[in-house]
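Shown next, in structure tokens, is the structure this report addresses.
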Amino acid sequence: VRQSRLAVLGAGGHGKVVADTARRAGWTEVVFFDDRWPDVRCVGPWVVAGGTAELLSTHHEFDGTVVAVGDNARRLARLRELSGAGATLPAVVDPGAFVSAHATLGPGSVVLAAAAVNAFAVLGAGCIVNTGASVDHDCVLGDGVHVSPGAHLGGSVRVGEAAWIGLGAAVRDGVVIGCGATVGVGAAVVGDVPERVTVVGVPAKPFRAGQAR
Ligand SMILES: CC(C)(COP(=O)(O)OP(=O)(O)OC[C@H]1O[C@@H](n2cnc3c(N)ncnc32)[C@H](O)[C@@H]1OP(=O)(O)O)[C@@H](O)C(=O)NCCC(=O)NCCS
């Protein structure tokens, strides 16, 4: 069996899930990097070998690097830094997820357990389709989008860069969600959401009326 080494940047909760997923997806070794190093030197069974600077100088020793930082803007910034440095940025897909052969995953995107990405969906770089979430046919997700656990996007939904769809939210087919927008836990989104606005509720309305976040 060929040895394959994956570097994971970000040793927080999301990083643990990504490392676990990567092992089940066939990566034989996972090494963490986190800017809290050297204060943090291990996470579960995995070693933390350095911070971002160390990863930038050693990424060529790995077969792939994944950025597992939960915050969308930070994840995207790190991903772009590593991409610029020439790192290999594979997508990581849980063997228990479904990704259509007709879907496209951008570099560094992760699709976690029991999630589904259906036909002709196109995901940008560094997206997270979290546990049990679904992205339906013809959806287009920009870079750095996070679809949280149990959230569902109907067909042909467009989600702008670094937008965050909260736990268990539902988005009606064809809706457009702007860059940097946030959809709160449990929201039902039935109309478009402007850039950087947070919406909550059923049906979803702007959170703290008039205040863009
Ligand atoms: C919408 C959200 C961003 C607001 O966060 P916040 O600014 O910290 O808000 P607070 O928790 O201080 O709550 C403020 C008020 O909004 C209400 N509220 C918060 N989130 C809400 C939601 N999703 N739906 C309805 N009401 C909500 C609270 O009940 C509270 O009401 P009150 O003032 O009457 O007590 C956040 O609650 C949220 O939904 N984040 C997504 C989290 C997520 O999906 N995580 C996934 C991890 S993988």
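The shown structure was predicted, so the numbers you read here are calculated from the model rather than taken from an experiment. In this chain, residues are counted from 1 in sequence order. Order of listing sets the numbers, starting from 1, for every ligand and every atom in it.
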Donor-acceptor pairs under 3.5 Å, side chain of residues 62-71 to any protein atom, not counting sequence neighbours: which ones?
residue	atom	partner	partner atom	Å
Asp63	OD2	Arg5	N	2.7
Asp71	OD2	Ala73	N	3.4
Asp71	OD2	Arg74	N	2.9

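- Of all atoms in ligand 1, listed by their number and element, those nearer than 4.0 Å to a heavy atom of Pro149 are 48 (S).
- Each of the following atoms of ligand 1 lies closer than 4.0 Å to a heavy atom of Gly166: 44 (O).
- Judged by distance alone, the side chain of Ser100 and the main-chain N or O of Val117 form no donor-acceptor pair under 3.5 Å.
- By the criterion of a heavy-atom distance under 4.0 Å, the side chain of His146, and not its backbone, is placed next to ligand 1.
- At distances below 3.5 Å, not a single donor-acceptor pair connects side-chain atoms of Asp138 with backbone N or O atoms of Gly155.
- Between Val185 and ligand 1, at least one pair of N/O atoms sits closer than 3.5 Å.
- If you look at Ala187 next to ligand 1, there are no close heavy atoms at all, none under 4.0 Å.
- Under a 4.0 Å criterion applied to the non-hydrogen atoms of Phe207, ligand 1 contributes the atoms 4 (C), 7 (O), 9 (O), 14 (C), 16 (O).
- The shortest side-chain heavy-atom distance between Asp173 and Asp136 does not fall under the 4.5 Å cut-off.
- If you look at Arg208 next to ligand 1, the close heavy atoms, those under 4.0 Å, all belong to the side chain.
- The Ser148 neighbourhood of ligand 1 comprises atoms 44 (O), 46 (C), with distances under 4.0 Å to a heavy atom of that residue.
- Partner Leu105 forms a side-chain contact (heavy atoms from CB on, under 4.5 Å) with one of Val92, Leu123, Val122 and no other, that one being Leu123.
- The shortest N or O to N or O distance between Leu167 and ligand 1 is under 3.5 Å.
- Taking hydrophobic clusters as Ile, Leu, Val, Met, Phe, Trp and Tyr residues chained together by side-chain heavy-atom distances below 4.5 Å, Val8 does not share a cluster with Val111.
- Within the set Ile165, Ile128, Val200, Asn130, the minimum heavy-atom distance to atom 22 (C) of ligand 1 is found for Val200.
- Exactly one residue among Val147, Asp20, Thr131 makes a side-chain contact (heavy atoms from CB on, under 4.5 Å) with Leu112. That residue is Thr131.
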